Amino acid sequence: MNNAVNDGGGAGVWSATGFRPGTKTGAGAGPGTGSPSGTPGGADGDTGDGEIWSGCWVAERLGVELVGDEGLGELLGLALRRNPKRAHLLVSHVLGKHIPQSPAVVYGYGFALGLRVRDLLGEDEARRAVVLGYAETATGLGHSVADGVGLAPCLHSTRRPVDGVARAGGFEESHSHATSHLLLPENPGLLAGDGPLVLVDDEFSTGNTILNTIRDLHERYPRDRYVIVALVDMRSAADLGRLDDLAREIGARVDLVTAASGTVRLPEGVLEKGQALVARYESGEGAAGSSGTDAQVVSEAQGAPGRPALRVELGWPDGIPDGGRHGFTPEHRVRLEGALPAMAARIAEALPSDARRVLVLGFEELMYAPLRLGVALEKLTDAEVRYSTTTRSPVLAVDDPGYAIRTRLVFPAHDNPADGPGDRYAYNVAGAGFDAVVAVVDSTADTPELHAPNGLLARLSAHTPSVLLAVVPSYVPARPSTVPPTASSTERRSMLPEPLRGPDFSSYAPDEVGWLLQDLSDTKLEAPTEEREEAIQSGGAHYAESLPVEYQPSDAYQELFHNALAVSATRIAQAVGVVTETVLAERSPRPVLVSLARAGTPVGVLMRRWAQHRHGLDLPHYAVSIVRGRGIDANALRWLAAHHDPADIVFVDGWTGKGAITRELAQAVEEFEASDGITGFDPEIAVLADPGSCVRTYGTREDFLIPSACLNSTVSGLISRTVLRADLVGEHDYHGAKFYRELAAADVSVAFLDAVADRFDSVDEAVDAQVKELLSTDRSPTWEGWAAVERISEEYGIHDVNLVKPGVGEATRVLLRRVPWKILARAGAGADLDHVRLLAEQRGVPVEEVAELPYTCVGLIHPKYTRGATGADGKAVSV
């Protein structure tokens, strides 16, 4: 295929009689044009020797001709619009809108144009550029051009208003049947820079739409350079000078980059003739087609009802926009590239084994995501993969080989459009012999109308044996920040999803806590305790890269938990009141509670309940992940900084052991401030119990049984420990965790909270007295717990403080989740250790009483563990 543009040769006329070589008439060369580098050929509908051009039918009846490059007819066919403003429609073979095409060909054309733009601008200017595509037909093309440029973010206009997102501009499309274009970037500064603006449309005809856009945006955001990109330059002779006029008018340079050029010769009265022809053929009358046979007018391709669509879960990455409606950055593209193979593999697995011809069908403005999925699927499977999208554009369908739109499926709009209900269309799908169609929509469009008996899925199922539905989550822009963010934090914030909440994630009520985590519930992460311990101690894995199998306690142990809760609920309620009142008095009158998942989360919920009980305050509460040796989740901090004043953030945990997490948090906050430039976070943790004397803000420094330490997820909202593993958590992802829905029958999370909150009234006076005393006391940390741990580590020959877990809570965790070696218990410790003794007995672990111990008990992890050596004597012990 010859894709040269204005190179002085290869010109001709495409008409009802076929291609005639000759000199171009009226096809002007715009500045910056040239042949695309690496542009692929071989498009479906190519017009080689003996083939019929897909514009012959219209050309024969209306006298329309294409004049231009020899390859122009290979790129374009003709159809008739059902539109009073323009009779003809240039139908692209390589756009992926009306004609199913190889995804690689569609993507390749846009990418190659982007490479040319990058060469034109140079790398420095390309890095400062913004690419703007036009809805609906050029959203995918614009995005592909941006990929070719490689260094620039992209945005596309939209006809879908979004609540809470301010307009950065808008314009009308004079010949369009549809509503106004809106520009809705999440980051208002996206269009405000002075770098080049690259405007992308599928065709450049009169130039009205693009010229109006430039004028509108130049008034708001003036710049020195614009680049117009189109697959085809189809300006008439009368329109050729308008770019130069505009450039002089606004005092900026305007370049044009296209894949081919030419013009359309329209005879007198073509609009009226076209309208009459559409009316005639839609009324059912026929006429001789260009193939010499009677043309069949297809108002709606019919078919027998088929099987329901099969839903495919893509596993779309959290925080990646579904397209350029609100902006899409090079960083987004890198992350999407990494996720595409796995998503395509999920589609491939769901396809019938005998599917040899597969269509990936996008949805109106949602062109880029299905296009990239199609490219990935094309690489992965031996099937012939094609790509096109649905549209709101009404076009006459005629089943004739000389006509570009052979069949039409009609179905109701299914995304609750702002301009009201209406018909939507899928062209050249019926009768195309597809064994399977993969319909890709965004979640906004996954509505009852989509699944209705007359909806898109039903229409498709009547024409193909298998219909798959893949839903891409509609991107929701972040709410405006109350704190002025840096440029880098703004970009990163835009990728971050809203917190997860119950009942979809956790058994807590949605207002009790928002989890700044990603849901890994469907991922197999559990490993046998002994296997994990061996990997951790050998250095082969980090403890946060897997999860222990959830220990489900015996009936006797659960009875012990409930008894302990009944005994300690008042003591815990008082500690909750003390730590909350201390926070309100010293840290912030309106604190934002951020608990360290998961031990800190029940305490955060209780502190929130206390503030409601005592002061009528409705405090925000979130849970974030912190991992020893890896730090706190920086993306969670970015989200918090974007939505709250960092000075109001109070980190909450259940208890301190030796203070490792306290030190970890302080270091992580310091590193975050250096990397992101966001300051104000106070790394001091507020805890229920501080037996190690590691913090200033606490409810008590006694080491006593907090019943939430007795269990795992079933007392923590059914949420697992947090997970940080490179193959699951990307650079812009939250840390992960699982929601154990299957353990709901054993869940006591809310029962624990209610039992403690029920005691709030009874401890009011005691809390006031204790807080008054604490506020006048020197509470500086002494770190005596850390000193004790170092001494125990050396005394018992362990030589690793990480294997020494001080305090009732930490010792309990050792017995539940690690491979315990010994339990050291303070001599005379009573009921606070009943559950520890029971667990130790079940696991065959000795309990040694120690006369002088600063903690009630200390758990020792087996210091020289190899698989099978679980007891103190090195022998395997069955649990």
Side-chain angles (χ1 to χ4, degrees), residues 526-538 543 547-561 563-564 599 655 657-658 691 703-712 715 721 785 788-789 791-879:
E526 291 79 8
T529 302
E530 292 78 11
E531 181 180 309
R532 293 182 72 251
E533 193 66 47
E534 186 174 40
I536 293 168
Q537 291 201 29
S538 68
Y543 79 89
L547 293 174
V549 177
E550 280 281 308
Y551 171 79
Q552 291 307 298
S554 63
D555 291 342
Y557 185 87
Q558 292 194 57
E559 183 180 354
L560 188 151
F561 162 80
N563 291 338
W655 54 84
K658 53 183 172 289
D703 183 20
F704 71 99
L705 171 62
I706 300 172
S708 60
C710 293
L711 301 172
N712 284 318
V715 78
R721 266 196 42 254
V789 166
R791 185 179 70 250
I792 291 169
S793 176
E794 295 306 310
E795 183 178 329
Y796 282 82
I798 296 174
H799 310 300
D800 182 354
V801 292
N802 290 324
L803 300 181
V804 180
K805 302 295 184 181
V808 177
E810 293 299 302
T812 303
R813 286 177 165 188
V814 169
L815 291 164
L816 290 174
R817 302 206 302 239
R818 301 296 292 271
V819 176
W821 184 39
K822 296 179 180 181
I823 299 296
L824 308 182
R826 181 193 297 157
D832 279 340
L833 291 188
D834 284 350
H835 75 291
V836 170
R837 295 187 182 95
L838 179 57
L839 282 175
E841 179 183 348
Q842 290 177 343
R843 299 208 62 177
V845 177
V847 178
E848 293 185 10
E849 288 203 352
V850 179
E852 295 187 8
L853 196 65
Y855 297 93
T856 302
C857 71
V858 176
L860 306 181
I861 296 172
H862 204 295
K864 297 179 180 179
Y865 176 74
T866 57
R867 208 173 308 187
T870 53
D873 58 358
K875 296 180 181 179
V877 176
S878 60
V879 180

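When a residue number appears, it is its place in the shown sequence, counting from 1. Since the structure is predicted, the reported quantities are computational estimates derived from the model, not experimental observations.
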Check: W821 and L803 side chains under 4.5 Å, non-hydrogen atoms: no
- prompt: Side chains of V715 and F561: closer than 4.5 Å at any heavy-atom pair?
  reply: yes
- line: Q558 meets the side chain to side chain donor-acceptor pair (under 3.5 Å) criterion, sequence neighbours left out, with none
- prompt: Near D800 CG, under 6.0 Å, is it more than 12 heavy atoms from other residues, nucleotides or ligands?
  reply: yes
- request: Step through the shown structure and confirm whether more than 12 heavy atoms of other residues, nucleotides or ligands are within 6.0 Å of CD on E794.
  value: yes
Measuring from atom [atom1] of [X] to atom [atom2] of [Y], what distance do you get when rounded to the nearest 0.5 angstrom?
| X | Y | atom1 | atom2 | answer |
| --- | --- | --- | --- | --- |
| L815 | K805 | CG | NZ | 13.0 Å |
| I798 | H862 | CD1 | NE2 | 10.0 Å |
| R826 | T856 | CZ | OG1 | 4.5 Å |
| I823 | R837 | CD1 | CZ | 11.0 Å |
| I792 | L824 | CD1 | CG | 6.0 Å |

message: So which atom in A811 and which in G859 form the shortest heavy-atom distance, rounded to 0.1 Å?
response: CB-N, 3.7 Å
